[in-house]
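Contents: one structure, followed by commentary.
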Amino acid sequence: MRKKYKSLIIAAAALFLCTILIVAVNLIFKSEPAKKNVLFVGVIPQNKPYSWYNHKKKLVGFNVELAKKIAQRNDMRTKFITGSREQLYSKFKHGKIQLLFLNKNPTTLNKDSYYKTNTYLYQPNLLLTVSNHKISNLDTLANRKVAISAHLDVPLTLQGKHIRFVQYSQPQKMLHDVLAKKVRAAVMSDYTYSSVLQKEPLFVNELSRNNPFPPIISQKIFGIMPVNKALLHKINASLNQFEQDGTLASLSQKFFKQDWSKQ
């Protein structure tokens, strides 16, 4: 009889220890959440208001917040990779970047090596000339020099007109050359022009915004990705959702003071 009780006590003790062990294991695993997949995002650090380092040396901007929202929606976390266009192109080619924000077509990449995301912004462009020398028809620019921001693609309505484009990285220099008649006109984004006017407000009296025919169309802004259909679907689904729920419009207003989410 004593042996029977002893066996029952041993069995109960073993069951109790097993229960404690199971509970302990569950608590350990619950306290260590599964690691999220990482979305590696490439951005240019000197490209305000799309991406730049603020006074606290924190990376901020439209593209930065958009990438974080895309990652959050897909239960991922972001890892930002910064550098010049050339550096980002190189890292993209070597598979180190999954989503690349350049705000223009990647002319140095093989077209078969990447996918484009859906367009999520339509950046307004301007055609600027000396105030007393406006342009009403774009055909008159044939064989003339026209300054264009290095951050822009040549607008579709200016293509095929035999215009001699000169790229500028400094918008103020571009506008000074228009006034000096070194170039016939300048093409830049509405946002860039507004930023320049804050530094040199006299430009507003010396230069004119032109409304030619056909009009200067907006720059389509999209992301660049490696050939990965599953990830492309996730990102495009996020962009579609953000367009429908007003997220894109809200971010656009925050960083550009305008809604560029609609064409």
Side-chain angles (χ1 to χ4, degrees), residues 32-45 47 49-52 59-125 150-156 159 189 217-256 259-263:
E32 296 181 3
K35 291 184 179 179
K36 292 184 177 181
N37 291 329
V38 179
L39 179 65
F40 292 93
V41 183
V43 295
I44 299 172
N47 192 22
Y50 290 99
S51 49
W52 80 98
L59 190 63
V60 296
F62 178 94
N63 287 341
V64 175
E65 287 202 21
L66 178 60
K68 288 179 178 178
K69 288 184 180 296
I70 290 172
Q72 183 179 19
R73 186 180 183 276
N74 293 283
D75 197 28
M76 303 173 76
R77 61 185 180 90
T78 50
K79 172 69 175 178
F80 289 98
I81 299 172
T82 61
S84 65
R85 291 182 187 278
E86 292 72 23
Q87 290 170 332
L88 293 177
Y89 279 140
S90 176
K91 290 177 181 179
F92 183 86
K93 289 176 182 178
H94 288 86
K96 296 180 180 180
I97 295 176
Q98 295 170 292
L99 180 59
L100 182 56
F101 288 123
L102 293 176
N103 304 339
K104 64 180 296 185
N105 278 300
T107 53
T108 64
L109 293 179
N110 188 316
K111 290 184 178 181
D112 296 329
S113 68
Y114 65 86
Y115 286 149
K116 291 181 181 179
T117 69
N118 291 345
T119 299
Y120 54 86
L121 285 181
Y122 299 87
Q123 175 182 270
N125 291 329
H151 299 296
L152 294 180
D153 296 319
V154 175
L156 186 63
Q159 295 178 17
S189 73
I217 63 172
S218 300
Q219 172 109 346
K220 293 182 178 180
I221 307 296
F222 48 80
I224 300 298
M225 297 177 49
V227 179
N228 184 330
K229 288 185 177 180
L231 184 58
L232 177 66
H233 175 75
K234 289 181 179 180
I235 290 177
N236 280 341
S238 298
L239 293 174
N240 290 339
Q241 180 63 45
F242 296 158
E243 181 182 8
Q244 293 171 12
D245 65 18
T247 298
L248 287 176
S250 178
L251 286 178
S252 182
Q253 288 285 357
K254 177 179 179 179
F255 289 101
F256 310 117
D259 182 5
W260 293 358
S261 64
K262 296 176 178 60
Q263 194 168 17

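No hydrogens, no waters, no symmetry mates; every other heavy atom, side chains included, goes into these values. The residues of the chain are indexed from 1 along the displayed sequence.
Counting only distance, with no hydrogens or angles, the side chain of K104 and the backbone of A150 share a donor-acceptor pair below 3.5 Å. Checked by atom type and distance alone, the side chain of N125 pairs as donor or acceptor with a backbone atom of I217 at under 3.5 Å. At least one donor-acceptor pair under 3.5 Å links the side chain of D245 to the backbone N or O of T247. No donor-acceptor distance shorter than 3.5 angstrom exists from the side chain of S252 to the backbone of L248, with no hydrogens or angles considered.
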Run I224 and K116 through side chain to side chain contact (heavy atoms under 4.5 Å, CB included) and show every step you take. CA-CA 5 Å; I224 300 298; K116 291 181 181 179; 4.0 Å; yes
When you look at N103 and N63, which way does the side chain to side chain contact (heavy atoms under 4.5 Å, CB included) test go after all the steps? CA-CA 10 Å; N103 304 339; N63 287 341; 3.5 Å; yes
What verdict does the side chain to side chain contact (heavy atoms under 4.5 Å, CB included) test give for H151 and R85, after you've listed the backbone C-alpha separation in whole Å, the side-chain angles of each residue and the deciding distance to 0.1 Å? CA-CA 10 Å; H151 299 296; R85 291 182 187 278; 3.1 Å; yes
Evaluation steps, side chain to side chain contact (heavy atoms under 4.5 Å, CB included), between L251 and K69: CA-CA 11 Å; L251 286 178; K69 288 184 180 296; 4.2 Å; yes
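In plain terms, the two heavy atoms of L152 and S189 that are nearest each other are CD1-N, 4.0 Å. Across P124 and S218, no two heavy atoms sit closer than the pair CA-OG, 3.8 Å. Listed here is the closest heavy atom pair of I97 and V41: CG2-C, 4.3 Å. Here the closest non-hydrogen pair linking N228 and Y115 is N-CE1, 3.5 Å. The two residues Y120 and G223 make their nearest non-hydrogen contact at CE2-N, 3.7 Å. Taking all atoms of both residues into account, the shortest heavy-atom contact from L99 to M225 is CD1-CG, 3.9 Å.
Atom CD1 of residue I44 and atom CZ of residue F101 lie 12.0 Å apart, to the nearest 0.5 angstrom. Taken to the nearest 0.5 Å, the CG atom of N240 stands 12.0 Å off from the CD1 atom of I235. Note: K91 NZ to L100 CG = 11.0 Å, rounded to the nearest 0.5 Å. Atoms CD1 and CG, on I221 and L66 in that order, are 11.5 Å from each other to the nearest 0.5 Å. One distance of note links OG of S261 with CG of L239; it measures 11.5 Å at 0.5 Å rounding. With values rounded to the nearest 0.5 angstrom, H233 atom NE2 is found 9.0 Å from S238 atom OG.
Taking the six-membered ring where tryptophan is involved, the planes of Y50 and W260 are tilted, since the angle between them lies from 30° to 60°.
Every salt bridge (charged side-chain N to carboxylate O under 4.0 Å, His left out) that D75 has, sequence neighbours left out, goes to K36. For the side chain to side chain donor-acceptor pair (under 3.5 Å) test, residues two or more places apart in sequence or in another chain that qualify with D153 are N105, Q219.
In K220, the NZ atom is not crowded: 12 or fewer heavy atoms of neighbouring residues, nucleotides or ligands sit closer than 6.0 Å. In this structure, Q241 places its CD atom where more than 12 heavy-atom neighbours from other residues, nucleotides or ligands lie under 6.0 Å away.
Between T78 and V64 there is no side-chain heavy-atom pair separated by less than 4.5 Å.
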